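The structure under discussion appears below in the form of structure tokens.
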Amino acid sequence: MAESQTSTETDWVSRFADDVIAESERRAPGKPVVVASGLSPSGPIHLGNLREVMTPHLVADEIRRRGYTVRHLISWDDYDRYRKVPNGVPGVDASWAEHIGKPLTSVPAPAGSAYANWAEHFKAAMTAALDELGVEYDGISQTEQYTAGAYREQVLHAMRHRADIDAVLDRYRTKKDPAAAAASQKKKPQQQKKVDEAELEAAEGSGAADEDDGSGNSAGYFPYKPYCGNCEKDLTVVTSYDDDTTELNYTCSACGFAETVRLNEFNRGKLVWKVDWPMRWAYEGVIFEPSGVDHSSPGSSFVVGGQIVREVFDGVQPIGPMYAFVGISGMAKMSSSKGGVPTPADALKIMEAPLLRWLYARRKPNQSFKIAFDQEIQRLYDEWDSLGRKVADGTVLPADAAAYARAVRTAAGELPSTPRPLPYRTLASVADITAGAEDQTLRILSELDPENPLTSLDEARPRLDRAENWITTQVPAEARTIVRDEADKELLGSLDDQGRESLRLLLEGLDTHWSLDGLTTLVYGVPKVLAGLEPDAKPTPELKAAQRSFFALLYRLLVSRDTGPRLPTLLLAVGAERVRRLLGA
Ligand SMILES: [Zn+2]
């Protein structure tokens with residue numbers, strides 16, 4: 001078992017854990033290991049951003065399994081400015097634009113929300129998803145930190161060393177080519193907004209090109225920005241600062257307000273992002289914090305931050321792998337038509353938490369992958385179940401075993417699982433055909449394996465609920481299965497002898513083959529018998545063609561289409577009596 005080993009190098013998580021433990025012992029011997037993530041609740045938090053949390057979570061969890069104390073900080077960047085009104089958020093209209101420039105915690109929540117403000121509203125959905133995923137963390141509200149004056153010394157220090165900071169930033173300003181200039185402006189990809197079917201691109205957005213690093217002020221360079229005392233917006237310009245008295249003057253370009261404050265007692269403002277981030281690395285002693293791939297560019301906030309933390313805050317840059325973006329397949333079209341974005345909560349509606357954890361655990365951070373909302377989810381679940389069987393019978397490879405162990409349990413214990421994990425595609429087919437009717441669902445699921453019948457739907461939950469949600473929310477109406485009410489008399493009447501005989505053989509075998517395995521044997525066997533072959537005969541091309549046309553006939557008669565759910569599942573779902581009626585008995 002992977003978790004009983006230490007320093008095994010079985011997978012990427014173990015390798016990072018080795019490095020992070022070594023670095024933590026070098027820098028802060030005997031102290032808890034600190035890893036960090038940052039999330040901006042500027043709108044629905046995109047599923048793509050989950051990698052920001054899962055990467056350090058998996059590493060933290062491995063370190064905990066080895067017996068160390070770990071703090072996984074999630075910085076809620078809720079003191080960031082409200083940049084734009086996201087599209088398609090229920091309870092939000094264009095009037096929210098009047099709040100642009102205020103801290104996210106000062107913007108009203110969407111209409112009808114139970115939460116006090118914008119940031120809290122969107123944090124809550126993410127918090128619930130993280131709980132379900134088994135992510136243990138310390139959430140830190142940057143609004144609380146700044147407004148409580150937690151960073152007072154750091155803010156005064158940064159202002160005192162503003163020339164040094166300006167010099168670091170200037171190294172990148174001077175060697176500007178247009179591409180580097182654009183990259184250097186980029187903040188953390190805290191929201192992935194642009195959704196297309198194939199891939200989620202790095203956000204055009206957040207933090208983005210208009211991120212103010214404090215330069216371009218004719219009164220000098222200042223790495224700190226107050227929120228206006230009158231309109232609460234950050235459209236303020238520092239006009240003077242005195243290091244000795246800490247007296248700061250600013251004017252607001254939004255409302256014209258001006259005031260004089262003393263930074264040694266003033267708490268309504270923040271460091272600009274490129275200084276804020278490295279300041280917090282030093283303040284918290286962060287050893288590991290990954291970030292999105294756009295940070296590999298020269299002049300990115302991670303690169304600049306590495307110099308600022310060393311030269312200004314006397315700290316050390318965390319180990320910071322760049323992670324590749326995570327794509328979504330299938331949901332994009334549906335969600336973008338509603339203007340929304342897929343969130344971790346959306347994924348957890350259609351898949352169990354261990355499966356979602358596994359997708360992150362099995363891929364190195366620099367590998368991109370897709371999370372399936374389309375038919376692919378059925379194949380993914382098949383692969384997951386097959387891995388579970390290999391783990392159970394001991395044939396699993398070490399790296400696969402490690403990924404599996406990280407998916408199903410954390411250092412704190414097992415995640416909830418489904419007692420009878422029936423194949424997802426079967427559950428989805430049953431949900432498709434029964435439209436969720438519980439008594440019918442129980443009957444069908446019990447008949448899958450009559451020797452060992454399901455006694456209660458709870459045994460198949462929560463996987464059953466996820467499959468039902470997938471069918472009802474992700475499968476388009478035209479792909480749903482509708483079982484006929486009445487027999488297709490016209491089609492039945494047009495059959496030749498061969499066709500009629502195939503149906504007779506099927507109906508004759510129904511009673512003795514009424515299980516998933518039995519019906520599988522029966523539907524493949526009927527064309528063999530018709531061809532004069534033994535039931536266990538090897539398939540020939542002619543036989544395969546005969547099976548295909550037999551299956552097509554059954555689909556036409558049962559669901560008026562040429563294809564559908566796997567036939568044994570479909571027959572069980574339709575029920576013997578109705579099968580007899582539709583096949584003309
Ligand atoms: Zn103002």
Side-chain angles (χ1 to χ4, degrees), residues 34-57 60 70-84 86 89 99 101-110 113-133 135-151 154-155 187-193 203 205-208 211 225 227 232 234 267-273 275-281 283-286 288-292 301 305 318 341 343-345:
V34 181
V35 306
S37 306
L39 290 172
S40 175
S42 59
I45 296 177
H46 199 292
L47 178 54
N49 292 99
L50 189 55
R51 205 166 206 180
E52 171 75 23
V53 177
M54 289 308 293
T55 306
H57 163 69
V70 184
R71 289 184 74 208
H72 178 182
L73 310 177
I74 293 185
S75 171
W76 296 109
D77 291 332
D78 55 12
Y79 208 43
D80 284 6
R81 74 191 303 255
Y82 186 54
R83 290 168 200 288
K84 60 182 267 193
V89 175
H99 303 292
K102 294 180 187 175
L104 292 166
T105 40
S106 295
V107 176
S113 168
Y115 296 92
N117 60 59
W118 186 271
E120 290 303 318
H121 177 83
F122 292 106
K123 250 159 89 171
M126 188 66 176
T127 300
L130 293 177
D131 286 349
E132 190 173 339
L133 283 164
V135 176
E136 186 185 323
Y137 65 94
D138 290 347
I140 297 180
S141 159
Q142 294 306 329
T143 299
E144 284 176 23
Q145 293 288 93
Y146 271 106
T147 60
Y151 304 135
Q154 287 71 20
V155 167
K187 194 184 160 182
K188 299 182 80 176
Q190 288 170 345
Q191 287 289 314
Q192 295 183 343
K193 289 194 182 110
S206 118
E211 175 69 11
K225 213 172 225 282
Y227 280 110
E232 285 195 89
D234 73 341
N267 295 330
R268 202 189 55 247
K270 71 187 289 287
L271 293 170
V272 297
W273 167 253
V275 181
D276 182 39
W277 198 19
M279 178 277 286
R280 289 192 270 115
W281 291 339
Y283 181 87
E284 303 285 3
V286 178
F288 181 79
E289 181 169 1
S291 51
S301 45
V341 296
T343 64

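Computed from heavy atoms alone, side chains included, the values below leave out hydrogens, waters and symmetry copies. Owing to the predicted nature of the structure, the values given are computational and were not obtained by experimental measurement.
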Check: [X] side chain, [Y] main-chain N or O, donor-acceptor pair, under 3.5 Å:
| X | Y | result |
| --- | --- | --- |
| Lys270 | Asp276 | no |
| Tyr227 | Tyr79 | yes |
| Glu52 | Gly38 | yes |
| Asp78 | Thr143 | yes |

What do the steps show when you test Thr147 against Thr105 for side-chain contact (heavy atoms from CB on, under 4.5 Å), and what is the final call?
CA-CA 11 Å; Thr147 60; Thr105 40; over 6 Å; no
Answer whether the closest heavy-atom distance between the side chains of [X] and [Y] falls below 4.5 Å.
| X | Y | value |
| --- | --- | --- |
| Pro86 | Phe122 | no |
| Met126 | Pro41 | no |
| Gln142 | Ser75 | yes |
| Asn117 | Leu104 | no |
| Met279 | Val155 | no |
| Ser42 | Tyr82 | no |

Closest non-hydrogen atom pair, [X] against [Y]:
| X | Y | value |
| --- | --- | --- |
| Ser40 | Ile45 | O-CG1, 4.0 Å |
| Pro56 | Ala36 | CG-O, 3.7 Å |
| Trp76 | Thr127 | CZ2-OG1, 3.9 Å |
| Arg81 | Gly101 | NH2-CA, 3.5 Å |

Mind checking what makes salt bridge (Lys or Arg N to Asp or Glu O under 4.0 Å) contact with Glu132, not counting sequence neighbours?
Arg466
Can you name the ring pair (Phe, Tyr, Trp, His ring centres under 6.0 Å) partners of Tyr115, sequence neighbours left out?
none
Hits for ring pair (Phe, Tyr, Trp, His ring centres under 6.0 Å) against Tyr137, two or more places apart or cross-chain, chain-then-number order -> none
Just how far is it from atom [atom1] of [X] to atom [atom2] of [Y], taken to the nearest 0.5 Å?
| X | Y | atom1 | atom2 | answer |
| --- | --- | --- | --- | --- |
| Leu50 | Leu130 | CG | CG | 7.0 Å |
| Trp118 | Lys123 | CH2 | NZ | 15.0 Å |
| Asp77 | Ser141 | CG | OG | 9.5 Å |
| Gln154 | Leu271 | CD | CG | 9.0 Å |

Salt bridge (charged side-chain N to carboxylate O under 4.0 Å, His left out) between Asp138 and Arg71: does it pass, once the steps are laid out?
CA-CA 7 Å; Asp138 290 347; Arg71 289 184 74 208; 3.0 Å; yes
His72 vs Ser37, side chain to side chain donor-acceptor pair (under 3.5 Å): CA-CA, chis, key distance, verdict:
CA-CA 8 Å; His72 178 182; Ser37 306; 2.8 Å; yes
Mind running side-chain contact (heavy atoms from CB on, under 4.5 Å) on Glu284 and Ile140 for me, showing each step along the way?
CA-CA 11 Å; Glu284 303 285 3; Ile140 297 180; 3.4 Å; yes
Geometric class of the Trp277/Trp281 ring pair [parallel <30°, tilted 30-60°, perpendicular >60°]
tilted
